[in-house]
Amino acid sequence: MAVAQIAAHAGKRVRLRGWLYNLRESGKLLFPILRDGSGWIQGVAFKKALPAEEFEALRGLGQESSLEVIGTVRADARAPGGFELDIEHVTVLQAVSADEPYPITPKEHGIEFLLEHRHLWLRSQRPTAVLKIRHEIIKAVRDFFDADGFVLADAPILTPAACEGTSNLFEVEYFDQKAYLTQSGQLYAEAAAMALGKTYCFGPTFRAEKSKTRRHLTEFWMVEPEVAFATLDDVMHLAERLVTCVVGRVLERRRPELAVLERDVAKLEAIQMPFPRVSYDEAVERVNAAGGGMVYGTDLGGADETLLSQQFDRPVMVHRYPAAVKAFYMQPDPERPELALCVDMLAPEGYGEIVGGSQRIHDRELLQRRIAEHKLPTEPIEWYLDLRRFGSVPHGGFGMGIERVVGWICGLEHVREAIPFPRTIYRIQP
RNA sequence: UCCUCAGUAGCUCAAUGGCAGAGCAUCCGGCUGUUAACCGGAGGGUUGUAGGUUCGAGUCCUACCUGAGGAGCCA
């Protein structure tokens, strides 16, 4: 019997197992709040309603002790969830010692303390709500691709080389050679797309960036669709459909969790297709007209992204950046070859880039030239050139950072709350 | 890598260069409807580390350590 199902058992005797979230005492009356992962419910224990030794055991119980209770469910207008449990029996499974009480009390705590106790902090209401929404988002992503005919083909985590830059890689020993933790599954997704047509990979990615901002983790999860014969327009359309689907699913199924997080739901309800499309040229004009100081030819900084995304009530797609500031594999715009056929999707409310994608170069000679220009070693990605030797076709795809999407939809201050155990530059514990 | 800020009780924070404190948590007592319950009492400190200035340093100075916020870079 789970707390979440309590409404269907009004008037009935049930057994609940879980943890003691809080215990209020009022003479011969105890008010334990029990949580079991599915929800929270307040119990009412009258001294005369249960055996004396069980009442005493409950009375001295510390926060987060594990226990089993038997009682009768009763609808009560005073209860936040609408129901209370009249307790008849209590069995303590493990009592938390008074010498070492549970550290996360129902009071305020600093972020440093909470991060050190992340393994326990997960039990609190906010993290629980965030993790349930994260779960819903990932489920929605998989359902979306499944319904659209995509085949999952996951990329390796141990890789022989970088696909964008070499400075941000985690190096690991691989027997007698060096390997790196993947920064992106894209190159492998391209190979899979040539086999399966429409494919995606979804897994952890790693960047040894010395970034220390609310938008950065060194280990984060990314979903990367890749589609044969797709143009930049196809990539943009796929991205807006995916994001709309995900937001809609969370609104449909996770209202209670959004309420716990005090998320402004109206902002999410505004997320409807089509998303505005803004060329890089226009983006520079818009940012500078709004008071920014963007120099043409450079990437958008965090402040620039905010200035631009504030102008829309839904995610904005910025396309056709100067090729010079983008990755080597991006197809140039045939009308203006100095621009890349790429797109970044910026989330509203200052949450920044959640999607980055492009049409890929399908011509082998051009690709080889770009690899040389970027001074990348060719030997580890010789296989990648094979994709342009054997039936090369135009294709494209994008990567969507899950934690940034979770952070945006949940309205979080920092992406580290969007993943169970965040990895940041100065913290790898717990 | 750079800039800024912080570190005092388990937690959140006070303390003009002059006796190291409060609330919560813990323990003891009270209360038959509490909602971060409330009321009374008790215990709890190498003020991040190492130096320095001073009659006197939690407070001022130097270095280091740990962490937080941001920049660049990125999803």
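Note that the structure is a prediction, hence the values are computed from the model and not measured. In what follows, chains are A, B, ... by sequence order, proteins preceding strands, each numbered from 1.
Spacing between B/C61 and B/U16 at atom P, rounded to whole Å, works out to 15 Å. On the C1' atoms, B/A9 is 41 Å away from B/G72, given to the nearest whole Å. When the P atom is compared between B/C11 and B/C28, the two are found 22 Å apart, to the nearest whole Å. Nucleotides B/G7 and B/C31, compared at atom C1', are 41 Å apart to the nearest Å. Of the P atoms belonging to B/C2 and B/G21, the separation is 41 Å, rounded to the nearest Å. Between B/C65 and B/G51, the two C1' atoms lie 14 Å apart (nearest whole Å). Rounded to the nearest Å, the gap between the C1' atom of B/C13 and that of B/U8 is 9 Å. A gap of 12 Å separates the C1' atoms of B/A25 and B/A36, to the nearest Å.
Rounding to the nearest 0.5 Å places OG1 of A/T298 at 4.5 Å from OH of A/Y280. Note: A/Q359 CD to A/H395 NE2 = 9.0 Å, rounded to the nearest 0.5 Å. The line from CD of A/Q186 to CD of A/E224 is 6.5 Å long, rounded to the nearest 0.5 Å. Remark: A/W408 CH2 to A/R215 CZ distance equals 15.5 Å, nearest 0.5 Å. Atom CD1 of A/I33 sits about 10.0 Å away from atom CD of A/Q63, to the nearest 0.5 Å.
For A/E64 and B/A36, the CD to P distance is 17 Å, given to the nearest whole Å. Taking atom CD of residue A/Q63 and atom C1' of nucleotide B/C24, one finds them 12 Å apart after rounding to whole Å. Per the geometry, CD belonging to A/E413 stands 9 Å off P belonging to B/G70, to the nearest Å. One atom, CE of A/M317, and another, C1' of B/A75, lie 16 Å apart when rounded to the nearest Å. The interatomic distance linking A/H216 (NE2) with B/G69 (P) rounds to 13 Å, in whole Å. Note: CD (A/E116) to P (B/G48) measures 15 Å, nearest angstrom. Distance CE (A/M222) to C1' (B/C74): 10 Å, rounded to an integer number of Å. If you take CG of A/N168 and C1' of B/G72, they are 11 Å apart, rounded to a whole angstrom.
Residue A/L346 forms a side chain to side chain contact (heavy atoms under 4.5 Å, CB included) with just one option from A/D304, A/T306, A/I354, A/L300, and that option is A/L300.
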So which protein nitrogen or oxygen atoms get under 3.5 Å of nucleotides 27-32 of chain B's nitrogens or oxygens?
residue	atom	partner	partner atom	Å
B/C31	N3	A/G27	N	3.1
B/C31	N4	A/G27	N	3.4

N/O-N/O pairs, protein side and nucleotides 5-12 of chain B side, under 3.5 Å:
residue	atom	partner	partner atom	Å
B/C11	O2'	A/E108	O	3.3
B/C11	O2'	A/H109	ND1	2.6
B/U12	OP1	A/G110	N	2.8

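In this structure B/U54 sits in no base pair that meets the Watson-Crick or G-U test at under 3.5 Å. Of the nucleotides present, B/G48 is the one that pairs with B/C64 by Watson-Crick or G-U wobble criteria, both distances under 3.5 Å. Pairing partner, B/G40: B/C28, with both Watson-Crick or wobble hydrogen-bond distances short of 3.5 Å. The partner of B/U16, taking Watson-Crick or G-U wobble pairs whose two distances both stay under 3.5 Å, does not exist in any strand shown. The partner of B/C2 is B/G70, by the rule that a Watson-Crick or G-U pair needs both atom distances under 3.5 Å.
Minimum atom distance to the side chain of A/L217 is reached by B/A75, of the listed B/A75, B/A68, B/A36. Set against B/A75, B/A68, B/A36, the side chain of A/K212 has B/A68 as its closest nucleotide. Which of B/G33, B/G69, B/A68 sits closest to the side chain of A/Y426 comes down to B/A68. Distance from the side chain of A/R215 is smallest for B/C74 among the nucleotides B/C74, B/A25, B/A71. Proximity note for A/R427 (side chain, C-beta onward) versus B/C74, B/G69, B/G67: the nearest is B/G67.
Contact check, A/R207 against B/C73: no side-chain N or O comes under 4.0 Å of OP1 or OP2. Considering only side-chain N and O atoms, A/R24 lies nowhere under 4.0 angstrom from the phosphate OP1 or OP2 of B/A36.
At the heavy-atom level, A/D344 lies nowhere under 4.0 Å from the strands shown. Among the atoms of the strands shown, only primed sugar atoms or phosphate atoms (P, OP1, OP2) are found under 4.0 Å from some heavy atom of A/H414. At a threshold of 4.0 angstrom between heavy atoms, the contacts of A/Q42 include nucleobase atoms, whether or not backbone atoms are also involved. Contact annotation for A/E224: no contact, since no heavy-atom pair falls under 4.0 Å across all strands.
Between the side chains of A/R360 and A/S358, at least one donor-acceptor pair of N or O atoms lies under 3.5 Å. Of the N and O atoms on the side chains of A/D344 and A/Y321, at least one donor lies less than 3.5 Å from an acceptor on the other residue. There is a side-chain donor-acceptor pair under 3.5 Å between A/D281 and A/Y296.
A salt bridge links A/R35 with A/E64: the distance from a Lys NZ or Arg NE/NH1/NH2 to an Asp or Glu carboxylate oxygen falls below 4.0 Å.
Between A/W221 and A/I425, the residue whose closest nucleotide on RNA chain B is further toward the 5' end is A/I425. RNA chain B is contacted by both A/V44 and A/D99; A/D99 maps to the nucleotide lying nearer its 5′ end (nearest heavy atom per residue).
Per the stacking criterion (ring centres < 5.5 Å, plane angle < 30°), A/F220 stacks onto the base of B/A75.
Ring orientation note: the planes of A/H117 and A/H119 are close to parallel, at an angle under 30° on the 30°/60° scale.
Centroid-to-centroid, the aromatic rings of A/W383 and A/Y188 come within less than 6.0 Å. A distance of 6.0 Å or more separates the ring centres of A/Y384 and A/Y329.
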